[in-house]
Number of protein chains: 2
Amino acid sequence: MRHKGNTNPPGRIKIMTAFSRLMAQKDFHSITTAEIAGNAAVTEGLIYKYFKDKKDLLYQVLNQHFLEFQAKIQDRIAHAPSCIEQIGILIFSSLESYIENRVFSRILLLEVRNSLAFFDSGAYEMVREYSRTLLEIIETGIRNGELKPDVDAVILRKVILGAIEHACLGEIIFDKELDIERMSTGIAKIVFNGVKA
Amino acid sequence: MRHKGNTNPPGRIKIMTAFSRLMAQKDFHSITTAEIAGNAAVTEGLIYKYFKDKKDLLYQVLNQHFLEFQAKIQDRIAHAPSCIEQIGILIFSSLESYIENRVFSRILLLEVRNSLAFFDSGAYEMVREYSRTLLEIIETGIRNGELKPDVDAVILRKVILGAIEHACLGEIIFDKELDIERMSTGIAKIVFNGVKA
DNA sequence: TTTTTGAGTAAGTGTTACTTACCTGCTTGA
DNA sequence: TCAAGCAGGTAAGTAACACTTACTCAAAAA
C-alpha cells in the first residue's frame with residue numbers, strides 16, 4: 001500500500017539520491033529497481049512504499065530539481081527592468097539550468113514526455129507555470145510597446161521555448177560543453193532583431 | 001539469430017504495419033511483443049527474425065516514415081528560388097509532415113531520443129541530413145546577402161528547428177489540430193523580421 | 001533425388017516491475 | 001503503564017515481459 005505519512009524519511013531520500021546518481025549515468029529504462037535499491041542500500045519493496053511506481057519516482061525527482069530551477073529564474077526575472085531584458089534572462093537562465101543540472105534536463109527533455117501519465121503529474125504543472133510566466137512577459141512587452149504590436153504571443157513563446165530546448169539538446173544527449181553566454185545572446189539577437197538583411 | 005535475406009517477406013511487412021497501427025494508439029513502452037505479434041497474426045519469435053529487438057523495430061518503422069518526409073521536403077525546396085523562401089517551405093513542410101504523420105512524429109519527437117542506441121541508427125543519419133540541408137540553405141543565404149552577414153548559422157538553425165518541433169509538440173502529444181499555414185508563417189515572420197519594436 | 005535456405009512456429013527462460021505478508025521499534029492516550 | 005496503532009523497513013514471492021532456442025515446412029538449387 002501507498003504511504004500516508006508526510007515526513008521525509010531517510011529511506012525515501014536515499015532512494016531519490018541513488019536514482020538521481022544513476023540517471024546521470026544511463027537512461028531511465030535501463031535502470032532497474034534492483035539497481036536503485038542496491039545503490040540506496042534499501043530493499044526493492046521500500047521503493048513502492050514511497051512511490052507509486054518507477055515512473056512516479058522519476059516524476060518526483062524531476063519535481064525536486066524543478067523547484068530550484070523555478071526559484072532561480074523567478075528571482076532573476078523579478079529584478080529585470082524591461083521585458084526585453086526579462087526574456088534575455090529567461091533564455092540565459094534556462095540554458096544555464098539545463099546545462100548545469102543535466103539529470104534534470106535528461107528527465108525533462110528526454111524521458112518523461114513519452115508517457116501520458118507525466119501530463120497529470122505535479123512536475124508538468126511546473127512546466128506550465130514556467131511557460132505561463134514567459135507568455136505574460138511577452139504580452140506585457142506587446143502592451144507597453146517594447147515588442148511589435150502585431151506579434152503573436154503564443155507563437156513567439158513557442159519559438160523561444162523551442163530554441164532554448166533545441167539549443168542544449170545535443171549537448172545534453174552527447175554530454176558536451178556549451179557556451180551559454182554566446183548561445184543565449186545569439187538566440188535573443190535572432191528573435192529580437194530578425195535575420196533578414 | 002538475425003535474418004540475412006534482403007527481400008521484404010510478408011511477415012516482416014505485417015509486423016511493421018501492425019506496430020505502426022499500435023503506435024497510433026499508445027506509447028512504445030506499453031506495446032508488448034505479444035500484442036504486436038497478435039495484431040500482425042504472426043508468432044512473437046518472428047519479430048526477432050527481422051528485428052534485433054523491440055527498439056530496432058521502432059527505428060526501422062521511423063526510418064520508413066522518414067523516407068517520405070525527406071523526399072517531399074527535398075523536392076519542394078528544390079523548386080524555390082530564394083533562401084528566404086526555401087526556409088519558409090522547410091518550416092511549412094516540416095510542420096505539415098509532423099501533423100499529417102503523427103506516428104512518425106511521436107516516434108521522432110517523443111520516443112527515440114531517450115536511448116543512445118538511436119544515435120547509431122540509420123534513422124538518425126536521416127535527421128542529420130535534414131539538419132544539414134537547413135544549414136546549407138542558411139549559409140547560402142548569408143553569402144548571397146539575403147540574410148544579415150553577422151548571423152550565426154548554427155544558432156539560427158537551432159532556433160528554426162527548435163521552433164518547428166515545439167510548435168507541434170503539444171498538438172502531437174494531446175492529439176489536437178494545428179493551423180499549419182498560420183503557424184509556419186508566424187514562425188517565419190518572427191525569425192526573419194524579429195519582434196523588437 | 002538430395003541439399004540448402006528462407007519463412008515461420010512452439011515452447012521455453014531469465015529478468016523485471018511490482019505485491020504481499022510480515023517484523024520492529026516508537027509514540028500516545030486511556 | 002501498557003496496549004494499540006502506526007511508520008519505517010524487510011523478505012520472499014509472482015505475473016508478465018522481452019528475448020532465445022530448437023524445431024518444421026516448402027520450395028528452389030544442385
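So you know, we letter chains A, B, ... as the sequences are listed, proteins then strands, and number each from 1.
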S.K.: Describe the nucleic acid contact of A:Gly11 in one word from base, sugar-phosphate, nothing, applying a heavy-atom distance below 4.0 Å.
M.R.: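 Result for A:Gly11 = sugar-phosphate.
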
S.K.: Nearest of D:dA18, C:dG8, D:dG9 to any side-chain atom of B:Thr33?
M.R.: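 Selected nucleotide (nearest to the side chain): D:dA18.
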
S.K.: Roughly how many Å is it from CD1 in A:Ile13 to C1' in D:dG9, rounded to a whole number?
M.R.: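 Interatomic distance, CD1 of A:Ile13 to C1' of D:dG9: 15 Å.
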
S.K.: Please check: side-chain N/O of A:Ser93 versus main-chain N/O of A:Ile89, any donor-acceptor pairing under 3.5 Å?
M.R.: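 Pair found, side chain donor or acceptor close to backbone of A:Ile89.
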
S.K.: Counting only side-chain N and O atoms of B:Thr32, is one of them less than 4.0 Å from OP1 or OP2 of D:dC17?
M.R.: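 Negative; the distance criterion is not met.
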
S.K.: Is A:Tyr48 near enough to C:dT19 that one of its side-chain N or O atoms lies under 4.0 angstrom from OP1 or OP2?
M.R.: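 False: A:Tyr48 side-chain N/O out of range (4.0 Å or more) of C:dT19 OP1/OP2.
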
S.K.: Without decimals, in angstroms, what is the distance between B:Phe51 CZ and D:dA18 C1'?
M.R.: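 The distance from CZ of B:Phe51 to C1' of D:dA18 comes to 15 Å, rounded to the nearest Å.
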
S.K.: How long is the span from the CG atom in B:Leu109 to the CZ atom in B:Arg113, to the nearest 0.5 Å?
M.R.: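 One finds 5.5 Å between CG of B:Leu109 and CZ of B:Arg113.
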
S.K.: Starting at atom CD of A:Glu44, determine the distance to atom P of C:dC18, rounded to an integer number of angstrom.
M.R.: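 Computing the A:Glu44:CD to C:dC18:P distance gives 10 Å.
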
S.K.: Would you please confirm or rule out a distance under 4.0 Å between OP1 or OP2 of D:dG9 and any side-chain N or O of A:Lys49?
M.R.: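 It does not, given that no N or O in the side chain of A:Lys49 lies less than 4.0 Å from OP1 or OP2 of D:dG9.
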
S.K.: Closest to the A:Val42 side chain: D:dC19, C:dC18, D:dT10?
M.R.: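 So the nucleotide nearest the side chain must be D:dT10.
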
S.K.: Strictly below 4.0 Å: does B:Tyr50 bring a side-chain N or O up to OP1 or OP2 of C:dG8?
M.R.: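 So the side-chain polar atoms of B:Tyr50 do come within 4.0 Å of the phosphate oxygens OP1 or OP2 of C:dG8, strictly under.
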
S.K.: When you compare the side chains of B:Glu35 and B:Asn39, does any donor N or O come within less than 3.5 Å of an acceptor on the partner?
M.R.: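 Looking only at side-chain atoms, B:Asn39 and B:Glu35 do not form any donor-acceptor pair under 3.5 Å.
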
S.K.: Report yes if a side-chain nitrogen or oxygen of A:Thr43 is closer than 4.0 Å to either non-bridging phosphate oxygen (OP1 or OP2) of D:dG9; otherwise report no.
M.R.: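 The answer is no; no side-chain N or O of A:Thr43 sits under 4.0 Å from OP1 or OP2.
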
S.K.: Under 4.0 Å, heavy atoms only, any strand: does A:Ile31 hit a base, just the sugar-phosphate, or nothing?
M.R.: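 The residue A:Ile31 makes sugar-phosphate contact but no base contact.
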
S.K.: At their closest point, which heavy atom of B:Leu161 faces which heavy atom of A:His166, and how far apart are they?
M.R.: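 Heavy atoms of B:Leu161 and A:His166 come nearest at CB-NE2, 3.6 Å.
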
